[in-house]
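Just so you know, these numbers use all the heavy atoms, side chains as well, and skip hydrogens, waters and symmetry mates.
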Amino acid sequence: MSLLNQLNPVQRDAAAVIQGPVMIVAGAGSGKTRVLTYRVAHLLESGIPPYEILALTFTNKAAKEMKERIERLIGHHAHQVWAGTFHSIFARILRQECEPLGFTRSFTIYDTDDSLGVIKNIMNGMNISQQQFNPRAVMSRISGAKNQMVTPKEYAEFAKEFFETKVAEIFPEYVQKLHKNNAMDFDDLLLKPIELFTKHERVLEKYQYRFKYLLVDEYQDTNRAQYTLINQIAQRFKNICVVGDDAQSIYAFRGADIKNILDFERDYPDAKVFRLEQNYRSTKTILAAADSVIKNNRNQIQKTLWTDNPNGEKITVTEADDDKAEGLQIAHRIQEHITKEKLDLKHFAVLYRTNAQSRSIEDAMRRSGIPYVIIGGVAFYQRKEIKDVLAYLRLIVNPKDEESLMRVINFPARGIGDTTVEKLLEHSVQTNAAMFDVVKDPRSITSLADRAKNSVMAFGSLITKYIELKSQMSASEIARGVVDELGILRLYKDEQTPESLGRWENVQELLSAISEFVDLNKEKATLENFLEEVALVSAVDSMVDEKNAVTLMTLHAAKGLEFPVVFIAGMEEGLFPLYQVTPDPSELEEERRLCYVGITRAMKKLYITYARIRYRFGDVTYPVVSRFVSEIGDSLLEKETTRRPAYTANVVSSLQNSRDRYLNSIHQKKNKKQDAFTPDDEVDYDKESQDEIRLKVGVYVEHEVFGRGKVTNLSGRGDSAKAIVHFQSVGPKNLMVKFARLRVLGA
C-alpha cells in the first residue's frame, strides 16, 4: 500500500480494489490518468502477471503515457502490459487469429479515403449517381450501421427512405469487396473480433484467461461494438475497471453511447463506485463556470467538483464586430499575455465548434506574426505524396489490396491509362482472378496492345521483386529501395515548384520515420507493423508537445488536454450550441457537455468570444450570444465590447463612418425581409449608397485570406472587372472583383 499512499483518499480506495467490477467516475482534472496508472502498478505489485492485464484507451498517446508512468513507478516489466487503443489492440489480436474469418495475417487496414474509394468504385459499377447520392454520406451510413452492429441484411430490412435503399444496395457489395481485397476498415477492427469470439468460443476463452484484469479509459465514449467486446472478455472473471465522466461524453456522432456508463451498475450490480471530485487543474472560477453549465443537463451521474486552487480571474466574455475582429482580438490578447506574463505560445489554445471557424483565426494569427499549429487539419499521413508511397508498401505486404494497386498502377506515369485499367478490371471479374494476378501476366488479354501489356507487366514485376525481397531486407531498406527505383524524389525535385519541393521534403520525412521506427522497434520493426501503426495514428497522437506555437483545434479534439489560457470562439446560438432550427433535447445536452469540456481545458484564464456579424455558408448572419454564457452566470463573468484592435490606431475616421453606413444598409435590407447578403453583395457593398467610398485606385481594402492591401490598378467592367491589390502580407495580387470578396476600408 506504500505506493498508493501517494494518492488522495478516494483515488487510493479506487486503485486498491483488485477483484470484481469497479467504476471510477472521474471529473475533469481529477487525476484520472494518475489513478489508472497507480491501479495497474498496484496490480503488478500484488503479484498479477503483466500479461494478464489489458488497458484500453482512446489514443495511442494515452496508452504510451500510462506505460511510461507505470515503468517509472515499478520498473521495465510494465512494458509487458497490453495497453493501447481499442483499434490497435484488436488489430493485434486479429493478426494472430483472423484466418478462421477468411483473412490472411497480412490484411490491409483501410482508412477513410480507402473506404471512400471502394464505395465510389462500387457506385460506378452499379450506375448509382454520385451527384445524387454523396459517397461520403453513403460511407457514413455504412459506418454508423457497423458501429451499431447492424448487418447489411438487417439494414436492408429497415431501410425506408430512398437514400437508405441505395445504401442497402451498396452495403453488402462493400463488405464483399473488402473481404476480396483482404482488407478491413476501422469498424471491422472491432466487428471482426466480436464475430471471432462469437463463432469460436475457444478463441474467446483464450483471451478471457489471458486478460483476467481489464481496465477501460474514457468509458463514456464507448460505442456498442466496444461495449460488446469489453463485456465478452470480462464476462468470465468480471475483474473490470472502467474510468470515465458522463459529463464529457461528446462523441455521439461517432456512435458513442452515454448509456454505457450510466448503466454500468445495472450491468454489474455488485460494482464498487468511486467518485473523483477534487479538481487539480483549474481555478475555482473556471470550475464554478463549468459546474453552472453542466447542472442544466438532466441525464447525468451526480457529482460535485471542488478544488483547493485559487479563485483566479473572472471569465472574460468579448463581443466583437465580426469574425475577423474576433480573430484579431484573440491574437491581441495572446500578445498581451506574452508581454506581461512571459508565457510561451504553447500555453495558449483557441477552441471552436466547427473547423470552418479556424480561417478567420488563422488570418489573425498570420497577420499578427503568431506561430500556430492546427490539430485536425490535413494530417501528415493523409497527404497525397505520403499515401502514394504507403500504397506501394501496402501492396508489397498485401498484393490483394486492390485499392492500393489502383492508386499507384500509373504513378509515376508509366503509360497505363484508364482504358487499360478498365480492361484489366474487366478481365479480373470475368476470370474471377485477383487484380494483381492479372497485372503480373496480362498476355492473355487480347484487347490490350503490346505496349500496354509490357507496361503492366513491368509494374507487376516491380511489386513482385519487392515482395520477394521483403523477408531479406528491413522495412526502411524496402521503402528506400522502392522510392529510389520509382524516382519519386527526383520527380518532385525536378518540378522545382514550392509545392513539389514540399512533397519532396515530406517523402524524405516518411523515409526518416520508417528508419526511426526500425531503430526503436528492432526485431518487431516489420513493414506490416509500421503500416499498422500509421493506419491507427490519430490527430491528437501526432501533436508535437515541444513545438512552441498556439494550438488551434475543435472542441472535440481538445478533450484530454489542458492549457493555462484558453479561448472558446464563436459562442453563438446555432453555432455553439450547433443546430439548424430547434435543438433536439438530447443533442442540446451533448452540446452542453461539449461546453463543459471546453471550459475545463482552461487552467488559469478563460476567454469566451462571439461576433455580432458572422459569415456562414457565404451569407451574413446576425447571431445572438450562446445560452451557455447566461448559464454560467454574471457573477463569474466580465464582459467587454471591442473594435478591431489592429485597425483602430491607424485608419482614418471615415472608416468607421463607412462601416456604420454599411451596417445600416444591411439592417435596412434585413428589415425589408430580403435575403441576407451574398458574397457578391459584399464585394459591391459600396454601390448600396452613393455616399459610400467606391472601389478605386488608392483605397485600402481587406481580403479574407491576404489581409489588408491597397488597390493599385483597376480594369474591366461588371463580371469582368479586375483589380491589382498590393497586400502587406503577400505583395501584389491580380483579382477578379466579382469573386475576391474585397471589403473597402477607406482612402
Side-chain angles (χ1 to χ4, degrees), residues 60 88 91-92 94-96 98-99 103-111 114 181-184 380-381 383-414 416 434-441 455-493 503-537:
N60 292 306
S88 65
R92 188 174 169 184
L94 285 168
R95 290 285 180 208
Q96 301 298 318
C98 65
E99 290 175 354
F103 292 83
T104 72
R105 294 184 178 187
S106 61
F107 66 83
T108 299
I109 300 173
Y110 277 1
D111 64 16
D114 301 319
N181 289 0
N182 191 36
M184 299 187 195
F380 178 79
Y381 290 109
R383 292 169 181 165
K384 178 189 180 300
E385 60 275 17
I386 301 302
K387 289 182 73 69
D388 288 339
V389 176
L390 291 177
Y392 272 104
L393 301 182
R394 286 164 51 166
L395 189 56
I396 291 165
V397 167
N398 176 20
K400 291 184 179 180
D401 184 355
E402 193 173 295
E403 283 303 302
S404 293
L405 187 152
M406 297 293 286
R407 183 180 184 95
V408 297
I409 192 170
N410 198 39
F411 174 81
R414 52 174 60 90
I416 303 176
M435 184 66 167
F436 184 68
D437 291 336
V438 175
V439 166
K440 284 194 297 184
D441 187 7
S455 296
V456 171
M457 282 193 291
F459 171 68
S461 297
L462 173 75
I463 302 301
T464 301
K465 180 176 80 172
Y466 282 99
I467 290 172
E468 293 169 353
L469 288 172
K470 186 167 69 73
S471 61
Q472 306 168 34
M473 300 168 67
S474 71
S476 59
E477 289 170 332
I478 288 284
R480 289 188 181 277
V482 169
V483 168
D484 288 344
E485 186 161 347
L486 293 170
I488 292 174
L489 290 172
R490 186 175 63 252
L491 174 73
Y492 288 137
K493 203 163 190 177
R503 289 182 171 177
W504 179 87
E505 290 175 355
N506 288 336
V507 173
Q508 292 280 33
E509 180 63 25
L510 173 64
L511 295 176
S512 299
I514 299 173
S515 296
E516 182 181 7
F517 177 80
V518 170
D519 290 341
L520 291 175
N521 293 276
K522 306 301 180 187
E523 69 277 359
K524 294 183 180 179
T526 64
L527 200 52
E528 290 88 340
N529 287 345
F530 175 77
L531 293 171
E532 182 173 307
E533 185 172 287
V534 166
L536 299 173
V537 73

Item to complete: Kindly indicate whether the side chain of I488, heavy atoms from C-beta on, has any atom under 4.5 Å from the side chain of D388.
Response: no

Worksheet item: Given the rule in the side-chain contact (heavy atoms from CB on, under 4.5 Å) test, do F436 and T464 qualify, once you have shown the distances and angles that lead to the verdict?
Response: CA-CA 10 Å; F436 184 68; T464 301; 3.6 Å; yes

Discussion item. Test side-chain contact (heavy atoms from CB on, under 4.5 Å) on Q508 and L511; report intermediate values, then the result.
Written reply: CA-CA 5 Å; Q508 292 280 33; L511 295 176; 4.1 Å; yes

Discussion item. Would you compute the distance between atom CG of N182 and atom CZ of F107 and round it to the nearest 0.5 angstrom?
Written reply: 8.0 Å

Worksheet entry | Within-4.5 Å side-chain heavy-atom neighbours: F530 and I478 | no

Worksheet item: Taking side chain as C-beta onward, heavy atoms only, is R480 less than 4.5 Å from S515?
Response: yes

Practice prompt. Would you check if D401 and Y110 make a side-chain contact, meaning some heavy-atom pair closer than 4.5 Å?
Written response: yes

Fill in: Spacing of N398 atom CG and I109 atom CD1 [to the nearest 0.5 Å]
11.0 Å

Worksheet entry | Y466 side chain to L395 backbone, donor-acceptor under 3.5 Å | no

Discussion item. Checking the side chain of N506 only, and the main-chain atoms of E385 only, is there a donor and an acceptor separated by less than 3.5 Å?
Written reply: no

Worksheet item: Can you tell me how far CD of E477 sits from NZ of K470, rounded to the nearest 0.5 angstrom?
Response: 14.0 Å

Worksheet entry | By ring-ring contact (aromatic ring centres under 6.0 Å, His included) - contacts of Y392 (at least two apart) | none

Discussion item. Which heavy atom of C98 sits nearest to which heavy atom of T104, and what is that distance?
Written reply: SG-O, 3.4 Å

Worksheet item: Going by an N to O cut-off under 4.0 Å, is there a salt bridge joining E528 and R95?
Response: no

Discussion item. Test your reading of the model: is there a side-chain donor-acceptor pair from D114 to the backbone of D111, 3.5 Å cut-off?
Written reply: yes

Worksheet entry | V507 and V483, any side-chain heavy atoms less than 4.5 Å apart | yes

Practice prompt. Rounded to the nearest 0.5 Å, what's the gap from CZ on R414 to CD1 on I409? Could you check?
Written response: 8.0 Å

Item to complete: Mind running side-chain contact (heavy atoms from CB on, under 4.5 Å) on L486 and V389 for me, showing each step along the way?
Response: CA-CA 10 Å; L486 293 170; V389 176; over 6 Å; no

Worksheet item: How many angstroms lie between CG in L393 and CG in L531, if you round to the nearest 0.5 Å?
Response: 6.0 Å

Worksheet item: Rounded to the nearest 0.5 Å, what separation is found between the CE atom of M435 and the OG atom of S404?
Response: 12.5 Å

